[in-house]
Protein chains: 4
Amino acid sequence: MIIVMRRGATDAEIDQVTDAVKAVGFEIHLSRGVERTIVGAIGGDRGLLERLHLESLPGVEKVAPISKPYKLASRDFHPEDTVVQIGDHAVGGNDLWVGAGPCSVEGRELLLESARLVRTGGAHALRAGAFKPRTSPYSFQGMGEEGLKILAEAREVTGLPVVTEVMDTRDVELVDAYADVLQIGTRNMQNFNLLREVGRSRRAVLLKRGMTATIEEWLMSAEYIMSEGNHNVILCERGIRTYETATRNTLDLSAVVVAKQLTHLPVVVDPSHGVGKRAWVVAMARAAVAAGADGILVEVHQRPDQAMSDAAQTIGPEAFSQMMREISAIAEVLGRRVPISSTSHV
Amino acid sequence: MIIVMRRGATDAEIDQVTDAVKAVGFEIHLSRGVERTIVGAIGGDRGLLERLHLESLPGVEKVAPISKPYKLASRDFHPEDTVVQIGDHAVGGNDLWVGAGPCSVEGRELLLESARLVRTGGAHALRAGAFKPRTSPYSFQGMGEEGLKILAEAREVTGLPVVTEVMDTRDVELVDAYADVLQIGTRNMQNFNLLREVGRSRRAVLLKRGMTATIEEWLMSAEYIMSEGNHNVILCERGIRTYETATRNTLDLSAVVVAKQLTHLPVVVDPSHGVGKRAWVVAMARAAVAAGADGILVEVHQRPDQAMSDAAQTIGPEAFSQMMREISAIAEVLGRRVPISSTSHV
Amino acid sequence: MIIVMRRGATDAEIDQVTDAVKAVGFEIHLSRGVERTIVGAIGGDRGLLERLHLESLPGVEKVAPISKPYKLASRDFHPEDTVVQIGDHAVGGNDLWVGAGPCSVEGRELLLESARLVRTGGAHALRAGAFKPRTSPYSFQGMGEEGLKILAEAREVTGLPVVTEVMDTRDVELVDAYADVLQIGTRNMQNFNLLREVGRSRRAVLLKRGMTATIEEWLMSAEYIMSEGNHNVILCERGIRTYETATRNTLDLSAVVVAKQLTHLPVVVDPSHGVGKRAWVVAMARAAVAAGADGILVEVHQRPDQAMSDAAQTIGPEAFSQMMREISAIAEVLGRRVPISSTSHV
Amino acid sequence: MIIVMRRGATDAEIDQVTDAVKAVGFEIHLSRGVERTIVGAIGGDRGLLERLHLESLPGVEKVAPISKPYKLASRDFHPEDTVVQIGDHAVGGNDLWVGAGPCSVEGRELLLESARLVRTGGAHALRAGAFKPRTSPYSFQGMGEEGLKILAEAREVTGLPVVTEVMDTRDVELVDAYADVLQIGTRNMQNFNLLREVGRSRRAVLLKRGMTATIEEWLMSAEYIMSEGNHNVILCERGIRTYETATRNTLDLSAVVVAKQLTHLPVVVDPSHGVGKRAWVVAMARAAVAAGADGILVEVHQRPDQAMSDAAQTIGPEAFSQMMREISAIAEVLGRRVPISSTSHV
């Protein structure tokens, strides 16, 4: 922590700061300049330092952190890439990973059809929501446990592991019993109790970036999960809220590049929610892979116009095939590959 | 709903749209122009219409709603102001309401001292957090149930009703047993299960605006609560996330004016989180009242520099007195008043 | 400037940084900690330091400025408030100042009528545009020099000084010949050549905040004008671009409070462009004065519905009277006043 | 234009609207529903309609445009791609185009060295600024005309056409005399007089997106240029301002996909300003090409650490080679190619 004193701060004010900082176990580095004095506080417990509220002390102009607030998620403390295993495939290594499926589970027949479709298309996991966060209380809220059972059946039939969202601390145990990957949605990225709860699970967690979260806040949310012992966290960029209204959100692909530098966790991209329009999804999936993403999470439906939620951004079978072909070719340019799905023989 | 067809949409495409819309019970108004055809769909159930995903149909350029997606929260359907009673005072009528207190419950003695302080200063309710949403898993997370008990004791001692946050669906019953007003924090504004749960309570709910929520999304979240039967909802503007970094958030006072026009629910303002710096809080409280807010929720601490959370934005006793004096005078300009607290004799 | 070295930076890397910094005349303060080394660079010319691009040197993690990049505009270097004289009234002292008028000059008779209207209503200056920045090349672009002549006539008739926009470096001399205050619009806040050009004028300059400018960038643009010798700069907050679409812009009243702390220049508020809707203008003008603004710039038209530009946000004579009454009463609460216009006897 | 009347609008109010709209030459389509009446106005001159300010009329709830406000730039009116010729290469066809060079002209020897470097690396044009828009009046502002002369010499020596910025209407003639492509910077995207002035030139114009411009505003600025007769406009995405501070700006690659759909003009991407950090530039260039960009504009310097401006985001010779190799390979995946520069033999 660096404490910059105001111009003309008195010795008494400087002493008050250094005494406080030393008292909580930090080493002091004092730089007295002609104009200002700067206090460096190094080596102690940052949490204790924050409790001091140094910014409120007389004579203090500003306090700037020098280390990152996350540790378990930081590449500084864990330089090698984390690889998360999901069924027979892995996310975060050299191979790319693709999770695909309809926005929500709408019925048994429909979901099984979707599952077969994405397996045939080469996906490595099936994604679909049984619990759906909806802006309106009057919209379809998902099939709940019945939906989870259908997902489990789809896994049995196709061999594809299942990614599905959990929205409520009370449902973690339930979803855990059916899913292979617990998804935390964008609106719950800072639902801290939920993060802790999935942190106590041993399932992989797919953590979507909050639609207005900074990259640092996103990594702090990963830290919440990891601090409970679950290190199988996959980050998922899905678009952020900006002033632009032509797209549903602004897909922030530079976040992939930045996050891969700051953390060892895998980073995948959901191009569907980012742009919100079917015609733009494949192009953004290509761009995500070119930027260095470890995988793609995409909404696919056999008859996208009839999907019950997010139809506008859901692609159909043909676009999915095109996407798989094109991201495979781009992966090769980068020395990576989209592996043939282990379920494709099923 | 208005459906604008593309230039050159065929008759078959137009028929497909009108047939679909009529099938779910809407009346059709067709305008065929030289360049384009426009389909107006009036009178049916908007939820059904949304399921049609008209934007995905061939020939459709865009679909624009003409009515608002919320009903119970809308002033169109409930023109007169809703007044929410909290103890002996009310929010949303001609009188202004002030809730004040420390960011979090830090201990019994400290909280009782704070409670007496804000009562003496003229507050109508005591606010403090027992459960604290913190960005870092390593920060102080609140005292939990012990904190709630202390809050209840403070109410007994001072007569002030208690406003406190609930963060987890599993805690609603517990918090309900101790609090007078359930606060939903900015990060939980779209925690839909939590909204439903407090909607089943009969306590007043103070719903903070999500830090990147639109006014419409904020009202939709109020609608969630109301749709479960609880109409005692107070909206609270607390600053939105923008590109500006000089302030912690950008306090959006125009949201007060807009929300008061769109909804009958009371709207109060939290100037503390909006600006994030003590020196600016009183000025923004004045501005909020001048803009037409129904009340102020403010962080006050007897020794603000020692507060365990949000110290930088917490004001002390003197600034609180100044704030009360100045907002009273501004209220008078608008023909309103800050009533003398019924507890001031305690 | 503080240079934070990476974990494990070598001595050679640290030496390279300190040598470079000393070479351009800075004093070095070195703090070697267990984890990191921090280099404080104090006392030299920041411009020279920036040319070193220290962030690019090996071993450097980040570089943080400790002083502000503006000097002439900074309250650190000029603690007392600047008061800018405009005709018989002043902006930035204890008295509030009101500039009012139609968005654009639409014709001689109409403008004279508007000028009389705002004079009668108590404004201290007349504002109207002869050159209009319009998003579309097909929209009305203003009357140009003819409009300036009409403005000058209105000043003669009413005694009100004239505030009008200049958009092009080639027009500064022309506008200077007619106007009392040169307005720099939001889209030109970083038109640096234009800033320099008005900096060479002796007219007061009203500098609107760019719709996506930070407060620091706004002050840097004031610095551009001042660096050419013209210190008569008035800052004008007019709303910033955010994700919220219910209002045209988000009026950032905390920017008033922050700017008044950082700079000695007067800060006024334009509530018309901020909210973009007539019904909300008066409430935001009240809030601006309550927040501490030094004045209000407002769009007023005798028949607002017929205004050729910005009609939706222009208020009529009655709302203007209400605004003047209410901001006067709020000014009194703060120990300020809205002076009776010296032209009211004309 | 669609005019939605309020619930309970009277016949007189509806008549007032329809009469006004018919009076300016529009065809009326009236839909009377149980709840509301909707007026469709089709076929007339949108500019005239806007002057009516229908939103201000009694009984009107909202007014929504149905056609786009730009025509010359719209793909609706010009379905085939525009291809802009720059020297021996073209932008907007099947071939990708790369403009590269240092941020600013810093001296004759340095620039010639840079020009040879980017020619050898395969660039199709040389980019460098002689006039530099700088946030601070105390920063290096560019070499001006001397810089232009050096650029012209570099063209002679290398055969590379020159892209350089013009910031002031007074300089258009001068820059036009030396440059092959006139660049409009992000801060001048809505400097409408400057847009008109370059519209009168016959040079190609590279129009950077304003850092907070919507895609529609960007296309409106292209329309300004085109409305003066110059249709050789190249759009350039360079990052938008969001709340995220980890990157200098947020590079909006979905804007490429959206713009390519809305307009026939070529769209290129500047990854340097978007991310602001050298290590991230190549990845974002790859992503831009994968998204469908028609070219890349990139800052390259032989010794990037010594560049006088924007050093942090400037890449060196090796990274430039890597970028050219990788975008060529990705272009092939999309059936495009990065042509061998016609100057590579010079």
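Residue numbering restarts at 1 for every chain, and letters A, B, ... go by the order of the sequence lines. Note that the structure is a prediction, hence the values are computed from the model and not measured.
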Undergrad: Between C:Val275, C:Leu251, C:Val256, C:Leu253, which residue shows the highest count of heavy-atom pairs closer than 4.5 Å to chain B?
TA: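 The residue among C:Val275, C:Leu251, C:Val256, C:Leu253 with the greatest pair count is C:Leu253.
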Undergrad: Taking all non-hydrogen atoms of both residues into account, name the closest pair between B:Ala287 and C:Ala291 and its distance.
TA: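 For B:Ala287 and C:Ala291, the tightest heavy-atom pair comes out as CB-CB, 3.9 Å.
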Undergrad: Between chain B and each of C:Gly239, C:Ala213, C:Ala329, count heavy-atom pairs under 4.5 Å; write down the option with the most.
TA: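 Top count of heavy-atom pairs under 4.5 Å with chain B: C:Ala213.
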Undergrad: Between chain B and chain C, which donor-acceptor pairs sit under 3.5 Å apart?
TA:
residue, atom, partner, partner atom, Å
C:Arg209, NH2, B:Glu244, OE1, 2.8
C:Ala213, N, B:Tyr243, OH, 3.2
C:Ala213, O, B:Tyr243, OH, 2.8
C:Ile215, N, B:Glu244, OE1, 2.8
C:Tyr243, OH, B:Ala213, N, 3.2
C:Tyr243, OH, B:Ala213, O, 2.8
C:Glu244, OE1, B:Arg209, NH2, 2.8
C:Glu244, OE1, B:Ile215, N, 2.8
C:Gln261, OE1, B:Trp280, NE1, 2.8
C:Trp280, NE1, B:Gln261, OE1, 2.8
C:Arg286, NE, B:Ala290, O, 2.7
C:Arg286, NH2, B:Ala290, O, 3.0
C:Ala290, O, B:Arg286, NE, 2.7
C:Ala290, O, B:Arg286, NH2, 3.0

Undergrad: Does any backbone or side-chain atom of B:Leu334 lie under 4.5 Å from a heavy atom of chain C? Answer side chain, backbone, both or neither.
TA: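 Contact with chain C: side chain only.
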Undergrad: Tell me every residue that passes side chain to side chain contact (heavy atoms under 4.5 Å, CB included) with C:Ala285, counting only those two or more places apart in sequence or in another chain.
TA: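 Here the qualifying residues are C:Pro271, C:Ile296, C:Met323, C:Ile327.
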